[in-house]
Protein chains: 2
Amino acid sequence: MGRTSINVYKFQKEDYIMSDKRNTWQKKVIYSVIKELKTHPTVQSLIDELEKRGYKIGKSTVYRVLSDAVDEGIVMNVYSGDKMEHYDGNTEKHYHIRCKVCDRIYDSELPYQDSITRMGVETDSGFVILSHNLEFIGICPNCKDSLKSL
Amino acid sequence: MGRTSINVYKFQKEDYIMSDKRNTWQKKVIYSVIKELKTHPTVQSLIDELEKRGYKIGKSTVYRVLSDAVDEGIVMNVYSGDKMEHYDGNTEKHYHIRCKVCDRIYDSELPYQDSITRMGVETDSGFVILSHNLEFIGICPNCKDSLKSL
DNA sequence: CTAAGTGCAAATCCTTTGCGCAATG
DNA sequence: CATTGCGCAAAGGATTTGCACTTAG
């Protein structure tokens, strides 16, 4: 098994939504790391991060654990400019900023605005609007700097 | 070649951004149909639509034509809940509503709000914010009706 | 004519699945 | 010790690419 020396995510009562789920070290480590990272990783970049930390977890396990975690509301999917699935351990409603240049996703400082959902009233169409996603597009500090030096 | 009897997209000056691009009937038909559709189709559903109209165009051609059209700003990519690439022939800034139930994408009636981009000022981080994407999540009239009858 | 574009089939990349083995509760 | 979960390798599905053929200009 992987290193045992890091502080691993402690399972919460809420995590036991399905009665017959088992509490494996792989799941603990994945939960722990995804909750800690602010980088909205893909499965592959999460695996790289896990290996960097000394954990070897099979790719299909990572896919399965994350997919279940999404179903249970423990993590969120994020869609990005690339075609890969990204994951966000922060399930609070919040916004992202995508860097046009490097396609990395960052968290926005702007708090969630319920008022925006209300802007979406569709008078004619009979649509029910429940929520919204807002993504800012910009250039991140890193890329801004590298552009300057061209 | 395909049927010639429909009103086919007329190439605009702006479409000839790259000097050495050729004006094939396949490109004309694809442009024409994607500009007409409000359904934000995937490549496959566009091909189905084309065949319904009597046009047989190879899948890789459709992929290539759309991908070039995105690069040239003639059509836009749209990301949806499914993992497939959707295309939007309307390149004006506008918002979408995604139906939670069927994952179809509709156009929102809400006009583009420049003010929202301005909400995204990142004081600390040194980010430059250029624009935003806003997507409403809701239930479309179709799905609302089918849910009622359960 | 001659390069760009097309269409097929093969290749690629991300993701999902089947299945024998391991480990939880 | 019964069953869930893991990891591997194979399958799947969307998109991309190589290449011989077609066609626009």
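Heavy-atom basis, side chains included; hydrogens, waters and symmetry copies ignored. Residue numbers start from 1 in every chain, and the chains themselves are labelled A, B, ... in the order their sequence lines are given, proteins ahead of strands.
Atom NE2 of B:His86 is separated from atom C1' of D:dA14 by 12 Å (rounded to the nearest Å). In this structure, OH of A:Tyr55 is placed 16 Å from P of D:dC6, rounded to the nearest angstrom. Nucleotide C:dT15 holds its C1' atom 15 Å from the CG atom of A:Asp71, rounded to whole Å. Note: CG (A:Asp68) to C1' (C:dT15) measures 14 Å, nearest angstrom. Residue A:Leu46 contributes atom CG, which lies 15 Å from atom P of C:dC14 at whole-angstrom precision.
Judged by distance alone, the side chain of B:Lys35 and the main-chain N or O of B:Ile74 form a donor-acceptor pair under 3.5 Å. Judged by distance alone, the side chain of B:Lys144 and the main-chain N or O of A:Gly126 form a donor-acceptor pair under 3.5 Å.
Each end of the helix from C:dC1-D:dG25 to C:dG25-D:dC1 gets its own rotation axis from five pairs of C1' atoms, and the angle between them is 30° to the nearest 10 degrees.
Under the salt bridge (charged side-chain N to carboxylate O under 4.0 Å, His left out) criterion, the residue pairs touching residues 79-90 of chain A are A:Lys83-B:Glu85, A:Glu85-B:Lys83, with sequence neighbours excluded.
Atom NZ of A:Lys100 sits in a sparse spot, with 12 or fewer heavy atoms from other residues, nucleotides or ligands closer than 6.0 Å.
In this model, the phosphate group of C:dT16 is approached by a side-chain N or O of B:Lys83 to a distance below 4.0 Å at OP1 or OP2. Using a 4.0 Å cut-off, some side-chain N or O of B:Tyr63 falls inside it from OP1 or OP2 of D:dT15.
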Using a 4.0 Å cut-off on protein heavy atoms (strictly under), produce a 5'-to-3' string for nucleotides 1-13 of chain C with B for base contact, S for backbone-only sugar-phosphate contact, and - for none. --BBSBBB-----
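In this structure, B:Tyr55 and B:Trp25 have tilted ring planes: the angle between them lies in the 30° to 60° band. Taking the six-membered ring where tryptophan is involved, the planes of B:Tyr95 and B:His132 are tilted, since the angle between them lies from 30° to 60°.
Counting any heavy atom pair closer than 4.0 Å across all strands shown, A:Gln44 reaches no nucleic acid atom.
To the nearest 0.5 Å, the span separating NZ on A:Lys52 from OG on A:Ser45 amounts to 9.5 Å.
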Show your working on salt bridge (Lys or Arg N to Asp or Glu O under 4.0 Å) between A:Asp107 and A:Lys38 and close with a plain yes or no. CA-CA 8 Å; A:Asp107 286 328; A:Lys38 305 264 179 272; over 6 Å; no
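The closest side-chain donor-acceptor pair between B:Asn77 and B:His86, if any, does not fall under 3.5 angstrom.
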